[in-house]
Amino acid sequence: MPSSDQTITTIIATLGEFLSSDQLLTSEEELRPYECDGLSAYKRVPLAVTLPNTIEEVQKIMRICSARNIPVVARGAGTGLSGGALPDENGIILGLSRFNQILEIDEENQLARVQPGVRNLAISQAAAPYELFYAPDPSSQIACSIGGNVAENSGGVHSLKYGLTVHNVHAITIITSDGDLVTMGSAALDRAGYDLLGLMTGSEGMLGIIVEIVVRLLPKPKETVVLLAAFNSNSEAASAVAAIIGAGIIPAGLEMMDKLSIQAAEDFAHAGYPTDAEAILLCELDGSSIQVVEEKDRVTELFKSHNATSVQTATTAEEQARLWAGRKSAFPAVGRISPDYYCMDGTIPRMELPAVLDKISDLSTIYDLRVANVFHAGDGNLHPLILYDANNPGEFDRAEEFGSEILKTCVDAGGTITGEHGVGSEKIDQMCYQFSDDELEFFHAIKDAFDPKGYLNPGKAVPTLHRCAELGQMHVHNGELPHPDIPRF
Amino acid sequence: METHLSPEHKDTSDGKLAESILRKCVHCGFCNATCPTYQLLGDENDGPRGRIYLMKQMLEGNDVEEKTLLHLDRCLTCRSCETTCPSGVEYSKLLEVGRKVAEEKIQRPTQQLRLRKILRKTLPNSERFKMLVKSGQLFKPFLPKSLKKKIPERSTPSAWPTSQHTRKMLILDGCVQPAIRPQTNSAAANVLDKLGVSVIKADKAGCCGAVSLHLSAEEEALAAMKRNIDAWWPEIEAGAEAIIMTASGCGVTVKEYAHHLRDDVEYAEKAQRVSDLTKDIAEILLAEEDISSATTPKTLAWHPPCTLQHGQKITGVVEALLTKAGHTLVPVQDQHLCCGSAGTYSILQTDISQQLQVNKLKHLTANKPEMIVTANIGCQTHLQEDADIPVIHWIELFTD
Ligand SMILES: Cc1cc2nc3c(=O)[nH]c(=O)nc-3n(C[C@H](O)[C@H](O)[C@H](O)COP(=O)(O)OP(=O)(O)OC[C@H]3O[C@@H](n4cnc5c(N)ncnc54)[C@H](O)[C@@H]3O)c2cc1C
Ligand code: SF4
Ligand code: SF4
């Protein structure tokens, strides 16, 4: 509900009592840069942006907004790709970028205690002198914040072997919707009670504000090699992926890139990718020396039996870093060949890869929009980038429709509508397609338990039952929605 | 990124350039990660992605007030964001247009205007600047500590070589360097003399134009560029092989003369030739075979200026030369970050500049080097203000 001018003035004055002019932005020109996150097609200007320095300031902000029911949207680095940090016009942005300190590296227990605004990559860099690293490495790891990673349950190249964020977080401290400080989880492996930490991971800023995180660090593997295999077709590369996993090998990372993404990434990173290949696979193997040598031979053989046109091995850390740098910069590098892209994030069972890639290619012809594929193949987590030109009227709408078709294809193939980028504002309608009424009701009940007023990141991630009904994707019994008493947000 | 430039800017040469750059930005935010001001201030408006957004708003005809100017002023023009950007966004070219438009639309307070004018009038004028430095040195004992730090120690350069070789190269003396550290260029001349190259200064050449450019005085900058081109042209026609830069801040600017004068019928072609001939002293030495080893190898911390690593994209070259000569380089954390000097920035944005300098010195001295070497006079004097060890241009190590 829109706030009156008077409420806004009061709120801003109250916030201004303890926030400096560099911490409280209210002018239109300074608010615009916050109108979107990594998904820049979705825009909304917030009422104000707050940049607190301390936990106490966060608590104060939360209490003030809760009392007046002013929506609060948390923002980490704003690299999200599903509009999770998209502002509410009647609310404020709570920016956590100033919480950028690594509080402790506990070498003995292999843990790091960090503030939420710390960049993902900075954790591994700080742990490197102890021969440790933080495993989940989104391609955006140079920039994205660990708080955002927890809120999105992000994954990365190494999640195939080492798990998503949820598998690598030990404890978090949150500020609840009432402004209280609560710690969830502990260093112990098994905990009594409900798994609140698990629930918070992936909650997209809707259940509480994460202000401290304890993550698990892993010892650097003794040996690592990265293989680069080139193929003449997407489907040959995709079959090779299924074959590797089918053979019981779990690579540390197994990624696929198609021609367009290879060319764009090579142009920036000079990684040495074969730009004439239709597709490449990057496969990282790590572990003991014996294991790595053995797996390397088997994977190389599998590549060859799936018609790889070349297989290169990178053994030095520099060569490997170069190969990954290309992959990790591939999304934005696509900006070199198209003014805009719309990144999809479905998952599918690995055996379905060839068929789904073919389907996407057919859809590309139908919608008359190019697609660049670069994704976590080993996980079956697709990232088709639909290339479009936002300056051409109607082109984004077409891209969205195309994207929606891709997600439906994923669900029909037995997969899901999001692997790691979250639902946010973007995939809210597809939630109706994936989840049953009963499941959605549970989501609402959980939201209600954590945030009864519904002021934390309203309107994201979980569609209202009403919205699904309108989309015709929910059953309406006797002309009435189930549980009409559940709040609609 | 979607853009809808306002009619006022849509069809101008600057507007078209800005739009083509804006369109390349895909709003991924990678650049924020390596931006010194974003790291310090944590505000999207103080990172490249936000500044790009501010400029986009302005060029699309939205109202802008002093905040836009404030955040653009806080940019160091270090171009770290350009090195990071996978999409190839030419941020600094956009910023030049953005700053120009912002200056037109937003009135600066008189005090700011005055300081900026003084800087523009003294720094690029080497004679005036020399006089200031000299009188500063004379009165140094009587000055307060904060000002004392800004006055460099008196220094005597080695003699300019007298032998005449058939191979000739021009060198830019620039504006501030002859006053503060004349030995840098004489060192370069002596090293090249040994390699059989005569190094010549063109008397009429002066400031490269960077100072005016950074203070958004475009006409003044273009005039400086043309004056230099005219000063060098006879030697270029007579076969000078290169125009050597010993200050990477000037180097990056002269290498972009072609860009700045692209629409100038009279000078475009000459500017292109000048830009093509311009080389940092490191690039020159890299091409020469016989470089002598150091008689007394040293333990050094290398500070690559932003104008060298991000502006000219020269990385690893000085490091290789120094190591080859027998010196040891200590590891330095966050080498990609700016030291806070950034031309006139250290005078106009003291707080941020100071903080960056403190951080930089901490990292440079962490592993106990004997001295710090760099490649730009601005960084050199800025770091020397608070460093306990000498800070010099690396070329001076090649003369012993
Ligand atoms: C080029 C590119 C590549 C990417 N690659 C990957 C990839 O490989 N894998 C992957 O999983 N993702 C990837 N992403 C998506 C994105 O980087 C991740 O979702 C990341 O975790 C977002 O972090 P952030 O700090 O930018 O969060 P933001 O975008 O700022 O916020 C994301 C969500 O988290 C909430 N939030 C943020 N901080 C907090 C907090 N402290 N407390 C509570 N809620 C909070 C916000 O409200 C929002 O809902 C990529 C993005 C880009 C642009
Ligand atoms: S890295 Fe490049 S594409 Fe990404 S936001 Fe920055 S300028 Fe734009
Ligand atoms: S030039 Fe430097 S200070 Fe300016 S936006 Fe880019 S990285 Fe930041």
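Each chain gets a letter, A, B and so on, in the order its sequence line appears, and its residues count up from 1. Every heavy atom of this structure was used, including side-chain atoms; hydrogens, water molecules and symmetry mates were not.
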E44(B), part contacting chain A, at a heavy-atom distance under 4.5 Å:
both

Given that the side chain runs from C-beta out, which part of S20(B) has a heavy atom under 4.5 Å from chain A: side chain, backbone, both or neither?
neither

Sub-3.5 Å donor-acceptor pair from the side chain of R23(B) to the main-chain atoms of D389(A), do we have one?
no

Is it the case that atom OH in Y130(A) sees more than 12 heavy atoms from other parts of the structure closer than 6.0 Å?
no

Which one of E30(A), R98(A), Q125(A) has the most heavy-atom pairs closer than 4.5 Å to chain B?
E30(A)

Is it the side chain or the backbone of T34(B) that comes within 4.5 Å of chain A heavy atoms, both, or neither?
side chain

Between E28(A), E35(A), Q23(A), Q141(A), the one whose heavy-atom pairs under 4.5 Å with chain B are most numerous:
E35(A)

Is the NZ atom of K105(B) crowded by more than 12 outside heavy atoms at less than 6.0 Å?
yes

Among G50(B), G42(B), P86(B), the residue with the most heavy-atom pairs under 4.5 Å to chain A is P86(B)

Quick one: OG on S87(B) to OH on Y341(A), what's the gap to the nearest 0.5 Å?
8.0 Å

Would you say that V334(A) contacts V26(B) through its side chain, given a criterion of any heavy-atom pair below 4.5 Å between the two side chains?
no

Pair D43(B), S97(A) - check side chain to side chain donor-acceptor pair (under 3.5 Å), show working.
CA-CA 7 Å; D43(B) 181 354; S97(A) 48; over 6 Å; no

Could you tell me which portion of E65(B) (side chain, backbone, both or neither) has an atom closer than 4.5 angstrom to a non-hydrogen atom of chain A?
both

For F396(A), is it the side chain, the backbone, both, or neither that has a heavy atom closer than 4.5 Å to a heavy atom of chain B?
neither

Using a 4.5 angstrom heavy-atom cutoff, name the option from R51(B), H71(B), K56(B), M58(B) with the most pairs to chain A.
H71(B)

Spatial distance of atom CD (E29(A)) from atom CG (N62(B)) [nearest 0.5 Å]:
10.0 Å

Quick check against the 3.5 Å criterion: does N391(A) have a side-chain atom that pairs as donor or acceptor with the backbone of T3(B)?
yes

Heavy-atom pair count under 4.5 Å with chain B, highest-scoring of D22(A), I142(A), N392(A), N100(A)
I142(A)

Residue L121(A) versus chain B: region with a heavy atom under 4.5 Å:
neither

Please classify the contact of R49(B) with chain A as side chain, backbone, both or neither, using a heavy-atom distance under 4.5 Å.
side chain

Contacting region of L51(A) [heavy-atom separation from chain B under 4.5 Å]:
side chain

Is the closest side-chain heavy-atom distance between L39(A) and H27(B) below 4.5 Å?
no

Looking at D63(B), I'd like to know if its CG atom is crowded, meaning that more than 12 non-hydrogen atoms belonging to other residues, nucleotides or ligands lie closer than 6.0 Å.
no

Taking S329(A), A143(A), P33(A) one by one, which has the highest count of heavy-atom pairs under 4.5 Å against chain B?
P33(A)

Any side-chain heavy atom of Y34(A) sitting closer than 4.5 Å to one from N45(B)?
yes

Sort K43(A) into side chain, backbone, both or neither according to what part of it lies under 4.5 angstrom from a heavy atom of chain B.
side chain

Taking side chain as everything from C-beta outward and backbone as N, CA, C, O, which of these in C85(B) sits under 4.5 Å from a heavy atom of chain A? Side chain, backbone, both or neither.
backbone

Just give me the residue among Q39(B), K24(B), Q57(B) that pairs up with chain A most often, heavy atom to heavy atom, under 4.5 Å.
Q57(B)

Report the C-alpha separation of S140(A) and F30(B) in whole Å, then their side-chain angles, then the decisive distance to 0.1 Å, and conclude whether the side chain to side chain contact (heavy atoms under 4.5 Å, CB included) test is met.
CA-CA 7 Å; S140(A) 53; F30(B) 280 23; 3.9 Å; yes

Just give me the residue among S27(A), G95(A), G78(A) that pairs up with chain B most often, heavy atom to heavy atom, under 4.5 Å.
G78(A)

Cut-off 4.5 Å, heavy atoms of chain B, and the answer for D37(A) is backbone

Return the option, out of P332(A), G335(A), A333(A), C36(A), with the maximum number of heavy-atom pairs under 4.5 Å with chain B.
P332(A)

Find the one option among L40(B), V64(B), L22(B), N32(B) whose heavy-atom pairs under 4.5 Å with chain A are most numerous.
V64(B)

Non-hydrogen atoms of chain B under 4.5 Å away: do they reach the side chain of S139(A), the backbone, both or neither?
backbone

Testing the basics here: between S40(A) and M1(B), what is the closest heavy-atom pair and its distance to 0.1 Å?
OG-CG, 4.4 Å

Which bit of R119(A) comes within less than 4.5 Å of chain B, counting heavy atoms only: side chain, backbone, both or neither?
side chain

